[in-house]
Each structure stands twice: as structure tokens, then as C-alpha cells.
Amino acid sequence: MATIQDIINSYKDKPGGIIEAYHAVQREYNYLPEEAVEYAARVFGISAAQAFGVATFYSYLSVAKRGQYIIRMCESAPCHIAGADILIKTFEDELGIKVGETTADGKFTLELTECVGQCQGTPVITINSMPYVDMNPEQVPAVLALCK
Amino acid sequence: MAAEMRIVLRNADQINPDKIEDYVQAGGYKALEKARSMARTDLIAEVKKSNLRGRGGAGFNAGMKWSFVPEAPVKYVVCNLDEGEPGTYKDRTIVEKDPQRLLEGMAICGHAINSNQGYIYCRGEYPYVVDLLRRAIDQARSSGVLGDFNIEVRMGGGAYVCGEETALIESIEGHRGEPRFKPPFPGVSGLWDKPTVVNNVETFANLPDIVMRGGAWFASIGTPSYPGTKVLTLTGDVVNRIPIEVPTNTTIREVIFDFGGGIRGGKKFKAVQIGGTSGGFIPESLLDTPIDADSMRNIGATLGTGAVLVMDETRDIIDIVTRISKFFEHESCGKCNPCREGTFRAYEIMKKINKGQAAPADLDKLALLSRVMTKACLCGLGQAAPGPILTTMEHFKAEYQARLQI
Ligand SMILES: Cc1cc2nc3c(=O)[nH]c(=O)nc-3n(C[C@H](O)[C@H](O)[C@H](O)COP(=O)(O)O)c2cc1C
Ligand code: SF4
Ligand code: FES
């Protein structure tokens, strides 16, 4: 795994590249560790407060540690009417955690999101950004079993 | 029955989107060649004549926008692929089916405004689209079709407001995505304070055909004041949840009942929300309205992005509008007070109504707050947020009344 420093350094010369650097770190680590934000502040010549301000503005970026598999449930209106609530409840029950939490073994994080642009197949979840469409609660155990 | 007409989706499912050869084989990049043989002012005049209006929501004349760009040593072409509007998946569809068409459209704009640098701002939720685009750009670059026009893809971070053009610019610059005060407009001072044209994916994707076949041809399709086709994305309680591309004089009823195949499960129609989550709710009595932006505005609705969310007779309007209010409360960037506080209060009152705990006075407050927000908010997010509330209060008043505590 590339170090945080190496990843961030490779975006150094890109104007406004801090967000690209954050995405790259998150692709490797699943979240933005505190030292990544602090290091990015130095590389891009802004204060740590500004670097955190950028990181926390974007809901797709997370400054909190997350699990290996990030399950996001869309709750925008089209998914809402297609039964997002029941699906969220099913995931909570199956994983034994609430939305926003990570399982004790560090494997799963459950999050809510707004529309992910797959509304032809509501309700929609994503696992590490890959969409799973036309979900129903009965499929939840099978989908979780895919995450090895 | 009304028929589809494909311009931006012409090559969809006909070519391999991962092979530039297929696109060239289908006539691709001829328009760019032709555009480059034209004087810039003539090219802009042709696009103006087509009356192509922006497909990202605001509906501004594209050629007109380009004509405001002043002379400057550095200028930028920015493509808006943020597509955060719930119910919308058209830009993803266009790019997934035919990415080279977007690149060609951007390069045409590059020639028109004399810019050699383009950016595509793609939402972070579409990493697979980012990969596809980067491969497409590599192919275009190595085959030389783009000439000296460069295109770079930047990823958004899951903030709806970053679809607003000045917030998008802030985000490319590496900042929090908060909208700027306008003027100056991006065309004069945008990315890194340089003149910048921001257009939607679908707007760019129309350009190759306009250049090849002429502005007059395009202007003659659909409704004269908003000509051409529109890609609509069907979702909700409709039989066919698909993207379609239709002339802009197609009516909402044709969209839902001909292309959409009607309501699922043999149920009855109740409402349709068009244009995304900030769009107005439309009742049965207005279904014969054409979808073009002006006709929609005349009935107090919007064409917006072209999302079509269909709701059947069993749907609870109040519950849906409450969910939508939560969306805006969550997505408000907080820069201006009427929106930061207003979306919060609107959601609070909607929750109260939804729980059956509201009094008639709450409805009056909600209506007043909504009207203030449409006028006082800094950007389109806050200005459009009350749309679903105001239109459901008008067309589905009985549902609000039935929920009140007496
Ligand atoms: C809150 C908000 C979100 C927006 N989201 C998008 C978007 O996702 N895609 C888009 O093309 N335009 C979006 N717009 C409109 C842009 O500000 C801008 O008008 C558009 O990109 C211009 O391109 P066009 O003229 O080709 O439509 C949004 C506007 C607002 C106020
Ligand atoms: S209207 Fe809302 S989203 Fe727009 S600038 Fe104001 S607070 Fe931010
Ligand atoms: S509304 Fe859920 S994916 Fe679009």
C-alpha cells in the first residue's frame, strides 16, 4: 500500500488538486486519516483548519475511520418511495449496528446517502461505490455474503 | 403513439463506448473538423441560431452564453457532470453510452471561445464513469483528434450544491463548494478568475449534430422556444423505468403513458414530479402540457434535468415532501441565512405536518417562509427548495388539510 505522503505528493503540482488527493487517499484507506489532512495542508500550502474544512464539506469523503466494506443506502425521494426505510432497517438488523456505525470486526460501515444516479433500479445501495439496484430486504443476507 | 428521436443518444447501444474507432466509424469528429474550418464568430452564430438551451436546468441559450466570453489569454471549458439531482441519470447514460461525443462537443466549444483547456467535473459517486472518461480521453489524445485541446477529469465529493456552476468552480479550485456571488458570471470571471464556459453534458453532446446539420435544422425540432430533444429519466411507479430521448413538444402524458407504459400494478396515477427533487408536483389535470422549459414554467413546474418521478394513487404526498425537505436541509451549504435557516425550519414544519401535529397557522408560516426563500436565497438551491412544498400546497391541498390537528 502506498504511503499517505506518496499519494498526496503525487498531486502536489495539480492546481486545486487537494480534493483529487483526498479521493486517492480514500481509495486506499477507505477514509481520510487525520495525518492525511494535516499533510495535505502542508503540501497545498493552506492551514490545517482549511484542509479539514474542505475534507468535511464533502459527504463522499470521511474523516472518521470506516470499515472494509462501506454500504451506503440511498434515501432520496425515488428510493424512499421504493422502500429504502425497510431496507435500512434490514441492514441494521443483519449487521447489528445503526446507520453511521462500523461493525466491531471493522468489516462493515453503514451509511445513508442521497441519490447515486441509478434511479432506474430503486431502491439502490452501493458497496464501496459499486451500485446494487432493485434491492429487496430478502436479498440483504446474500449481498452481505458477497463481501468476503 | 409518439416516437423517440435520438440525437445525443444516437450511438447508444450501436457502438462500443470504449472504442474511439467505433465513434469515428459512425461519423464522429467530422463535426469538430468542420467547426475548426469555420470562423469562431460564425460557429457561435450557428449555435445561437439553433436556439440550443442549456440542458442542466437553467435553460440559458448556449450560443449566447459563449458570445459573452471576452478575449483573454487563458479561458476554460467546463463540463458539468455533477448530476446530483435525485431521479436523474441522463448524463451518466449519455457518457456511458457514448463518451467521445461529449469530448467532441467540448472541443467544439473550445474552438468557439478560443480555449485549449477543458475540465469535466464528475460526481464522486460515479467512479466507474470517471474511469471510462479517462480511457476515452487517452484514446482521443493518442489518435490526435482533439488537436491541442486538453481535457482533464475532476471528481466531486458528494455535495449537491457543487452542481451549481460557481460552487463547482470553487470545488475544482480545491475549496469548499460554496457558491459565489454573481456577477461576475463565470463567462467573464470563472475558474481561477479566467473566463469560463460551464455547460451540461447533454448541452455539449448536442453540438456535433448542430455543427453538421446546421442551426436551422435543430431549431425546427420540437417546441420553437426550446427546440431539440430532451433526455428524460423515468423513475418511480411507472412500468418502464428507462431513459428516453424525445422532441421537446412531447407531452407529459405521452412520456408517462406511451414511453413509460403507464402506472405499475394497474394502479391509478396520482402525481408526477419533473426536473428533479426541486421540481414542482404536477397533477393529472396538467398532463397534456409539453415538456419544454417554457411550457413547464407556465404551469408553475420546471423541466429541470428531465427527471420524471411518477407516483401512484397510494403514495403519501406529505411524506414524500417531508423527505424532500430533509434533502435540502442536508444539502444547504450554509453560506446564506435564508437557506441555512429556512431549509431547517421547512423540514421542521413538514415533519410536524407529517406526524399530524400541525395547526393551520403552521401551513401559513410554511407558505410565507417558502415565498421568502424563493426570493432571498443566494443560489438556486435555496431558491428552488420550496418548489415541491408550494406546488403540493396548491395541487394537493386536501392532503395537507387532512393531516392538520383540529
Ligand atoms: C443547486 C444546483 C445544482 C445544480 N446541479 C447541476 C448539475 O448537477 N448538472 C448541471 O449540468 N447543472 C446543474 N446546475 C445548473 C448549473 O448551475 C448551470 O446552470 C449549468 O451547469 C449550465 O449548463 P447548461 O447551460 O448547459 O445547462 C445546478 C444548479 C443549482 C443551483
Ligand atoms: S442558497 Fe443555500 S446552498 Fe445556496 S449559497 Fe445559500 S446556503 Fe448555500
Ligand atoms: S434516488 Fe436513489 S439512486 Fe437515485
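Note on naming: letters A, B, ... go to the chains in the order of the sequence lines (proteins, then strands), and numbering restarts at 1 for each one.
In this structure the side chain of B:R176 never reaches within 4.5 angstrom of the side chain of A:Q50, judged on heavy atoms. Counting only heavy atoms from C-beta outward, the side chains of B:R123 and A:Y60 never approach each other to under 4.5 Å. Within the 4.5 Å cutoff, the side chain of B:Y126 has no heavy atoms near those of the A:P131 side chain.
Between the side chain of B:R323 and the main chain of A:H80, no donor-acceptor pair closer than 3.5 Å is present. One N or O on the side chain of A:S59 and one on the backbone of B:G158 form a donor-acceptor pair closer than 3.5 Å. Between the side chain of B:H330 and the backbone N or O of A:E114, no donor-acceptor pair lies under 3.5 Å.
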Could you give me the CA-CA distance, side-chain angles and deciding distance for B:Y89 and A:Q120, then say whether side chain to side chain contact (heavy atoms under 4.5 Å, CB included) is met?
CA-CA 8 Å; B:Y89 50 97; A:Q120 79 286 354; 3.4 Å; yes

Worked verdict on A:Q118 versus B:R92 for side chain to side chain contact (heavy atoms under 4.5 Å, CB included):
CA-CA 9 Å; A:Q118 297 284 345; B:R92 171 176 65 79; 3.3 Å; yes

Could you walk me through whether B:S171 and A:Y58 pass the side chain to side chain donor-acceptor pair (under 3.5 Å) test, one step at a time?
CA-CA 10 Å; B:S171 187; A:Y58 297 97; 3.0 Å; yes

If you apply the rule side chain to side chain contact (heavy atoms under 4.5 Å, CB included), what do you find for B:E178 with A:F57, and how did you get there?
CA-CA 9 Å; B:E178 290 174 2; A:F57 183 85; 4.0 Å; yes

Would you sort out whether A:K14 and B:R154 count as a side chain to side chain contact (heavy atoms under 4.5 Å, CB included), showing the intermediate values?
CA-CA 11 Å; A:K14 201 183 261 299; B:R154 291 291 180 95; 3.2 Å; yes

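Interface residue B:I172: only backbone heavy atoms are found under 4.5 Å from chain A. Contacts between B:T88 and chain A at a heavy-atom distance below 4.5 Å involve the backbone alone (N, CA, C, O). Residue contact with chain A, scored on non-hydrogen atoms closer than 4.5 Å, is absent for B:V308. Contacts between A:E75 and chain B at a heavy-atom distance below 4.5 Å involve backbone atoms as well as side-chain atoms. Neither the backbone nor the side chain of B:Q273 has a heavy atom closer than 4.5 Å to any heavy atom of chain A. Heavy-atom distances place no part of A:Q26 under 4.5 Å from chain B, backbone and side chain included. Using a 4.5 Å cut-off between heavy atoms, A:E20 contacts chain B through its side chain alone, with no backbone atom that close. B:Y160 does not touch chain A: none of its heavy atoms, backbone or side chain, sits under 4.5 Å away. With a 4.5 Å cut-off on non-hydrogen atoms, B:R315 touches chain A through its side chain but not through its backbone. For B:V238, no part lies under 4.5 angstrom from a heavy atom of chain A. For a residue to count as touching a neighbouring chain, one of its non-hydrogen atoms must lie under 4.5 Å from one of that chain's; by this rule A:L61 touches chain B with the backbone only. The parts of B:F327 that come within reach of chain A are both its backbone and its side chain, each placing non-hydrogen atoms under 4.5 angstrom from that chain. For chain A, the nearby parts of B:D319 are the backbone and the side chain; heavy atoms of each come within less than 4.5 Å.
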Return all side-chain donor-acceptor pairs below 3.5 angstrom for residues 133-148 of chain A, not counting sequence neighbours, or 'none' if the list is empty.
from	atom 1	to	atom 2	distance (Å)
A:D134	OD1	B:R241	NH2	2.9
A:N136	OD1	A:E138	N	3.1
A:N136	OD1	A:Q139	N	3.3
A:Q139	OE1	A:N136	N	2.7
A:K148	NZ	A:A145	O	3.3

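Atom SG of residue A:C119 and atom CG of residue B:L309 lie 9.0 Å apart, to the nearest 0.5 angstrom. Atom CD1 of A:I81 sits about 8.5 Å away from atom OG1 of B:T314, to the nearest 0.5 Å. With rounding to the nearest 0.5 angstrom, the OG atom of A:S76 is 10.0 Å from the NZ atom of B:K326. Rounding to the nearest 0.5 Å gives a distance of 6.5 Å between CZ of A:R72 and CD of B:E125.
When the candidates B:E331, B:M311, B:E173 are compared by the number of heavy-atom contacts under 4.5 Å with chain A, B:E173 comes out ahead. Interface summary for chain B: among A:C74, A:G17, A:P78, the most heavy-atom pairs under 4.5 angstrom belong to A:P78.
For the residue pair A:I18 and B:G174, the shortest heavy atom distance occurs at CG2-O, 3.3 Å.
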